[in-house]
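Each remark here refers to the structure printed beneath this line.
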Amino acid sequence: MTNLPNDPSKAGLPHGYPFNSEWEITPRELQRRRSAGEVIVLIDCRTNSERELAQIAGSIHVPMQSLSQHIDSLREHETSAIVVHCHQGMRSLKVTEVLRQAGFDDVRSLAGGIHVWSIDIDPTVPMY
């Protein structure tokens with residue numbers, strides 16, 4: 001579980017971001033855990049055209065609109081830590097919910113999505 005400072009901006013999130021530690025992980029926490037060598041499956045649930053614009057290195061593409069077709073192939077990651085991301089964090093919350101309902105235990109949405117990732121972690125990832 002991620003604990004945020006009293007000021008969310010110190011966690012790299014925009015002022016007023018409604019962070020939910022039960023469902024989300026901050027980009028800084030994801031980066032810290034990946035840098036420490038933790039294996040985390042990063043799922044990009046955006047559309048093909050969005051992925052062509054920008055992507056986070058190491059992510060796998062499972063568009064939200066075809067998620068149900070990919071559940072079985074994702075079972076190999078069922079016991080792994082999974083982080084789902086989209087553009088700003090709304091679709092990835094929905095995908096996180098679907099995966100949890102399908103039996104995936106350790107799934108979180110990337111708070112602020114690839115947008116906050118680009119601002120706070122990797123400015124080489126284009127913003128759109």
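Computed from a prediction, not measured in an experiment: that's the story for all the values here.
- Annotation: the span from E24 atom CD to E29 atom CD amounts to 13.0 Å, rounded to 0.5 Å.
- In terms of the salt bridge (Lys or Arg N to Asp or Glu O under 4.0 Å) criterion, residue partners of E78 (sequence neighbours excluded) are, by chain and number, R75.
- Cluster partners of I71, by chain and number: V41, I43, I60, V62, M64, L67, L74, I82, V84, V95, V98, L99, F104, V107. The rule joins Ile, Leu, Val, Met, Phe, Trp and Tyr whenever side-chain heavy atoms lie under 4.5 Å apart.
- Taking S118 as the reference, nothing meets the side-chain hydrogen bond (donor to acceptor under 3.5 Å, both in side chains) condition, with sequence neighbours excluded.
- When all heavy atoms are compared, the tightest approach of Y17 to G112 is OH-N, 3.1 Å.
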Please walk me through it: do H61 and N48 pass side chain to side chain contact (heavy atoms under 4.5 Å, CB included)? CA-CA 8 Å; H61 191 217; N48 291 331; 2.8 Å; yes
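- Applying the side-chain hydrogen bond (donor to acceptor under 3.5 Å, both in side chains) rule to R100 yields no partners; only residues at least two apart in sequence or on another chain are considered.
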Which donor-acceptor pairs under 3.5 Å do the side chains of residues 121-128 make with protein atoms, sequence neighbours left out?
residue	atom	partner	partner atom	Å
D122	OD1	T124	N	3.0
D122	OD1	T124	OG1	2.4
D122	OD2	T124	OG1	3.3
Y128	OH	R46	NH1	2.9
Y128	OH	E50	OE2	3.1

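- Both L42 and L53 belong to a common hydrophobic cluster when Ile, Leu, Val, Met, Phe, Trp and Tyr are linked at side-chain heavy-atom distances under 4.5 angstrom.
- The side-chain hydrogen bond (donor to acceptor under 3.5 Å, both in side chains) search around S49 returns T47, not counting sequence neighbours.
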Side chain to side chain contact (heavy atoms under 4.5 Å, CB included) between D120 and T26: does it pass, once the steps are laid out?
CA-CA 10 Å; D120 194 51; T26 67; over 6 Å; no
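- Remark: I56 CD1 to H85 NE2 distance equals 4.0 Å, nearest 0.5 Å.
- Applying the side chain to side chain contact (heavy atoms under 4.5 Å, CB included) rule to E38 yields the partners R33, I40, A81; only residues at least two apart in sequence or on another chain are considered.
- A salt bridge does not link E97 to K94: none of the charged nitrogens lies less than 4.0 Å from a carboxylate oxygen.
- Proximity of W117 to P27: side-chain heavy atoms (C-beta onward) are separated by under 4.5 Å at one or more points.
- With sequence neighbours excluded, no residue satisfies side-chain hydrogen bond (donor to acceptor under 3.5 Å, both in side chains) with T96.
- Between atom CZ of residue R108 and atom CG of residue N20 there is a gap of 8.5 Å, rounded to the nearest 0.5 Å.
- The minimum heavy-atom distance between S92 and S109, with the atom names listed, is OG-OG, 2.6 Å.
- Residues satisfying the side chain to side chain contact (heavy atoms under 4.5 Å, CB included) criterion with S66, sequence neighbours excluded, are P63, Q69, H70.
- Counting only residues at least two apart or on different chains, no salt bridge (Lys or Arg N to Asp or Glu O under 4.0 Å) pair has a member in residues 81-90.
- Here CZ of R51 is found 14.5 Å from NE2 of H87. Values are rounded to the nearest 0.5 Å.
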